[in-house]
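What follows is one structure encoded as structure tokens, with my remarks underneath.
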Amino acid sequence: MDQIIEILKGIRDDIDYTTETNLVDGGILDSFDIVGLITELKDAYDIEINIEDLTPENFNSAEAIYELVERILNED
Amino acid sequence: MSYSSFYFLAFLVAVIVVYYAVPKKVQWVVLLAASYAFYLIDGVAQVAYLIGSTVVTYTAAMIMQKKRDAYKQDLAARQEAGSLSRDEKQELKKQAGIKIHRVQVLALIIQLAVLIVVKYLNFLLGVADSVVDLISPGHGVSTISILVPLGISFYTFMSMGYIIDIGKGKYEAERNFGKLALFLSFFPSVIQGPINRFDDVGRQLGEGHALKYENLTFGAQLMIWGFFKKLVIADRIAPLVATIFSDNYTEYSGTVFFVGMLGYAFQIYGDFSGGVDIAKGAAQMLGIELPNNFERPYFSESLADYWRRWHMTLGGWMREYVFFPIMLSKGVSKLSKKAKNRFGNQAAKIVSSVITTFTVFFLIGIWHGASFQYLAFGLYNAVIVAISVALEPLFEKTNKALKINTEAFSWKLFRIVRTFLITGGSKILVRSPGLKAATVIFGKIFTDIDLDFIFGVDGQIYTLGIDEKNMQLLILALLILLVVSILQEKGIKIRETLARQNIVFRWFVYIAAIVFILVFGMYGPEYNAVDFIYKQY
């Protein structure tokens with residue numbers, strides 16, 4: 001979880017990611033940010049993130065991103 | 001057969017009667033027969049393209065499905081025999097992926113090649129002709145006569161989306177050829193969209209649907225609303241727009257073009273979204289829900305927002321099959337990483353956004369047609385979106401420094417008007433009689449201002465295709481459109497609200513709406529309305 005917050009901080013550091021639950025729907029991260037984030041996640045965890053996983057719900061909070069990564073890791 | 005013709009209404013009624021009379025299991029056969037009959041009426045030769053595209057799509061999807069099934073069986077068998085390591089599993093997956101990928105690429109190339117030959121070959125030959133003529137005057141390349149099948153851009157994109165989905169294993173391939181053929185030919189959406197997805201509309205088309213009173217009334221109401229937008233608004237403005245953006249364009253002042261731009265903005269919205277409402281309404285009467293294609297695009301607060309709300313199924317297609325794959329591709333990832341390490345986050349964002357927005361808008365431009373005007377249209381959109389991404393931090397800083405309340409209504413209204421004018425500019429690019437004319441018109445709008453025209457002092461405004469009475473009616477119709485749009489924007493569901501009213505009031509509204517359209521709709525000779533603009537795509 002801390003690692004994910006670290007990565008998010010690398011994209012925008014003026015957000016409190018421990019409490020924010022509206023990253024995509026609230027317009028804090030746009031699609032270009034999400035793609036940057038995915039590149040970082042791919043490298044950090046050695047996972048493939050599919051286009052189908054690119055839904056706002058999966059990226060609205062650090063918690064949701066963490067769950068997504070866990071899910072993909074378990075599927076492998 | 002135009003969607004706004006009386007023939008279409010009669011055709012639809014006949015289909016509905018048969019559709020609900022037969023057992024649910026064979027309803028899809030009725031729709032398939034109706035769809036091919038509908039398509040055949042507009043020409044026999046073009047059906048060959050549609051069938052060809054369907055055969056390629058079906059064959060490719062079935063081969064890919066078989067390869068995926070074989071891989072899954074293999075994986076299961078090996079796992080049972082002994083545990084596979086993660087690396088071995090990855091390798092198996094990779095091998096299967098390569099085989100599927102080959103089929104996918106081949107099928108996509110075939111689909112694209114047909115589209116390119118039919119839609120773009122003559123444009124390319126024309127360009128080649130000017131080049132050859134430049135090098136050796138007197139010689140040239142002649143164009144050839146090609147039949148452009150109706151709706152080819154729409155069904156080709158639908159089939160490519162399906163091929164990519166099956167290639168990725170997003171869902172199982174359709175084993176019934178007829179059902180896939182119906183998905184690609186469904187008559188309400190075959191000519192001008194929306195661009196449907198198989199896992200949504202394709203599945204619905206294959207299932208049976210019971211007759212529901214609500215589907216009939218809501219569908220009919222949506223069709224009436226579509227006819228209103230098309231016949232009362234779009235077709236009423238059409239002559240004005242045609243007069244202003246004609247070859248006589250040098251005669252008019254900048255203000256005339258500004259009015260022409262406003263006119264065209266509402267004409268094309270009424271025409272295209274009205275056509276889609278007619279399609280959606282007709283489908284709903286058959287129990288099929290087609291995707292939304294418009295979400296009040298003229299209330300958008302930025303150009304990127306506009307493209308999420310205008311022709312949404314094309315935007316969604318581009319996002320899923322072009323934008324994300326390019327953004328996630330190794331090349332772009334590497335490049336943006338380099339930019340990030342060297343120049344920081346914002347630079348990385350600019351690099352990736354420039355590459356993707358230019359690709360996507362280039363494709364959106366030429367999707368509409370082969371011409372330099374549509375290329376310019378794509379470029380115009382790409383440049384503005386890329387600049388707004390690049391300058392975003394600067395805008396945020398300025399807003400903070402100037403203490404602008406970004407939540408205030410006035411600020412939102414400013415953004416809406418600004419976005420509307422920006423999209424208006426892109427519309428001038430494609431509606432002008434040529435790219436050169438467009439640049440002249442742009443210049444005039446900013447320099448040649450003629451306020452007398454606006455206030456009707458010289459009466460010129462009523463000489464351009466709309467007389468005073470029709471202008472008043474048009475303004476009334478636009479006000480109705482505005483009020484309805486604001487209500488929708490506020491989340492009020494108009495059809496549901498109406499359904500809760502008493503029967504007398506309800507039917508008064510329905511009949512008044514139909515009479516209004518019958519009396520004030522614009523009809524051409526033989527009571528056929530003007531052709532839909534998006535039909536040509």
Side-chain angles (χ1 to χ4, degrees), chain A residues 2-17 20-60 62 64-66 68-76, chain B residues 84-87 89-90 93-94 97 164-165 168-171 199 301-302 304-305 307-308 315-316 319-330 332-341 344-357 360 385-386 388-390 392-393 396 406:
Chain A
D2 288 343
Q3 196 180 355
I4 285 181
I5 291 183
E6 252 340 282
I7 292 172
L8 283 166
K9 288 240 182 258
I11 288 166
R12 260 186 88 157
D13 58 3
D14 54 342
I15 306 289
D16 180 6
Y17 292 103
E20 184 57 59
T21 57
N22 226 0
L23 290 175
V24 179
D25 290 331
I28 297 167
L29 299 182
D30 62 26
S31 46
F32 298 108
D33 292 323
I34 295 292
V35 174
L37 172 63
I38 286 170
T39 319
E40 297 286 334
L41 291 174
K42 271 165 126 178
D43 288 353
Y45 295 94
D46 186 25
I47 51 171
E48 280 299 315
I49 296 176
N50 290 323
I51 292 164
E52 288 77 62
D53 294 322
L54 298 184
T55 59
E57 302 81 58
N58 282 338
F59 291 91
N60 262 335
I65 300 169
Y66 177 72
L68 172 72
V69 172
E70 284 290 297
R71 206 172 65 229
I72 295 170
L73 281 172
N74 287 335
E75 271 172 18
D76 262 348
Chain B
L84 277 169
S85 71
R86 195 182 170 206
D87 282 347
K89 250 168 88 176
Q90 295 277 13
K93 197 175 170 185
K94 199 177 144 196
I164 296 172
D165 285 351
K168 283 193 301 196
K170 192 174 169 188
Y171 45 80
D199 48 343
E301 290 185 41
S302 70
D305 188 25
W307 279 104
R308 278 188 288 272
R319 205 161 26 253
E320 185 164 345
Y321 301 118
V322 181
F323 179 84
F324 283 134
I326 295 179
M327 286 293 261
L328 296 174
S329 68
K330 285 197 183 106
V332 173
S333 292
K334 254 190 205 162
L335 210 63
S336 72
K337 237 190 172 158
K338 262 191 197 163
K340 184 178 175 177
N341 291 337
N345 263 324
Q346 189 55 23
K349 215 169 141 176
I350 292 171
V351 167
S352 50
S353 65
V354 164
I355 297 171
T356 43
T357 42
V360 166
V385 170
S388 63
V389 172
E392 196 187 308
E396 273 182 23
T406 52

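Computed over heavy atoms, backbone and side chain alike; hydrogens, waters and symmetry mates excluded. In this text the structure is predicted, and so the values were computed from the model without any measurement. Throughout, a chain's letter reflects where its sequence line sits, starting with A, and its residues are numbered from 1.
- Using a 4.5 Å cut-off between heavy atoms, T357(B) touches chain A through its side chain atoms alone.
- Of the residues listed (N58(A), N60(A), L37(A)), the one engaging I65(A) in a side chain to side chain contact (heavy atoms under 4.5 Å, CB included) is L37(A), and it is the only one.
- Between I47(A) and K42(A) the shortest heavy-atom distance is O-CG, 3.2 Å.
- Within the 4.5 Å cutoff, no side-chain heavy atoms of Y45(A) are placed close to those of E70(A).
- Under the side chain to side chain donor-acceptor pair (under 3.5 Å) criterion, R308(B) pairs with no residue, sequence neighbours left out.
- Heavy-atom distances place both the backbone and the side chain of S353(B) under 4.5 Å from chain A.
- For a residue to count as touching a neighbouring chain, one of its non-hydrogen atoms must lie under 4.5 Å from one of that chain's; by this rule V389(B) touches chain A with the side chain only.
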